[in-house]
Novice: 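Just dropping this structure here.
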Amino acid sequence: MMKAMDKMEWLFCPTCRSKTRVKVFEKTELNNFPLFCPKCKKEVKINVKKFNISIIQEPDTTDAEPINV
């Protein structure tokens with residue numbers, strides 16, 4: 001059962017700042033979590049620890065060199 005003192009917050013989209021469908025507690029830790037925003041329809045990988053959100057930057061595949069096989 002949830003204690004009354006457990007703090008809970010919604011996660012907000014780092015792109016458009018709207019509320020997502022994910023809630024986290026203060027003790028929640030997420031690593032490489034794919035956060036989807038229903039408003040802007042984008043998915044961003046994030047890490048969360050004690051309500052601190054960090055965005056995982058993925059390398060841009062359009063700048064990659066072609067592979068010659």
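In what follows, residues are counted from 1 in the order of the sequence shown.
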Novice: Roughly how far, to the nearest 0.5 Å, is the CE atom of M8 from the CD atom of E26?
Specialist: 12.5 Å
Novice: So do V48 and T28 actually touch side chain to side chain, heavy atoms under 4.5 Å?
Specialist: no
Novice: Can you confirm whether K39 sits close enough to C13 that some side-chain heavy atom of one is under 4.5 Å from a side-chain heavy atom of the other?
Specialist: no
Novice: Working to the nearest 0.5 angstrom, can you tell me the gap between T15 OG1 and L35 CG?
Specialist: 9.0 Å
Novice: Would you name the heavy atoms of C37 and T20 that are closest together and state the gap between them?
Specialist: CA-CG2, 4.3 Å
Novice: Hey, could you give me the NZ/CG distance between K19 and L11, rounded to the nearest 0.5 Å?
Specialist: 11.5 Å
Novice: Between S18 and C40, is there a side-chain heavy-atom distance shorter than 4.5 Å?
Specialist: no
Novice: Are the side chain of N47 and the backbone of N32 linked by a donor-acceptor contact shorter than 3.5 Å?
Specialist: yes
Novice: Would you compute the distance between atom CD1 of I46 and atom CD of E43 and round it to the nearest 0.5 angstrom?
Specialist: 10.5 Å
Novice: Does F36 reach the side chain of K42, with side-chain heavy atoms less than 4.5 Å apart?
Specialist: no
Novice: Side-chain contact, heavy-atom cut-off 4.5 Å: V22 with F33?
Specialist: yes
Novice: Verify the cluster assignment for W10 and V44: are they in a single hydrophobic cluster under the rule of side-chain heavy atoms below 4.5 Å apart?
Specialist: no
Novice: Decide yes or no for K7 and F51: does some side-chain heavy atom of the first lie under 4.5 Å from some side-chain heavy atom of the second?
Specialist: yes
Novice: Does any non-hydrogen side-chain atom of F12 lie less than 4.5 Å from one of R17?
Specialist: no
Novice: About how many Å separate NZ of K45 and CD of Q57, when rounded to the nearest 0.5 Å?
Specialist: 12.0 Å
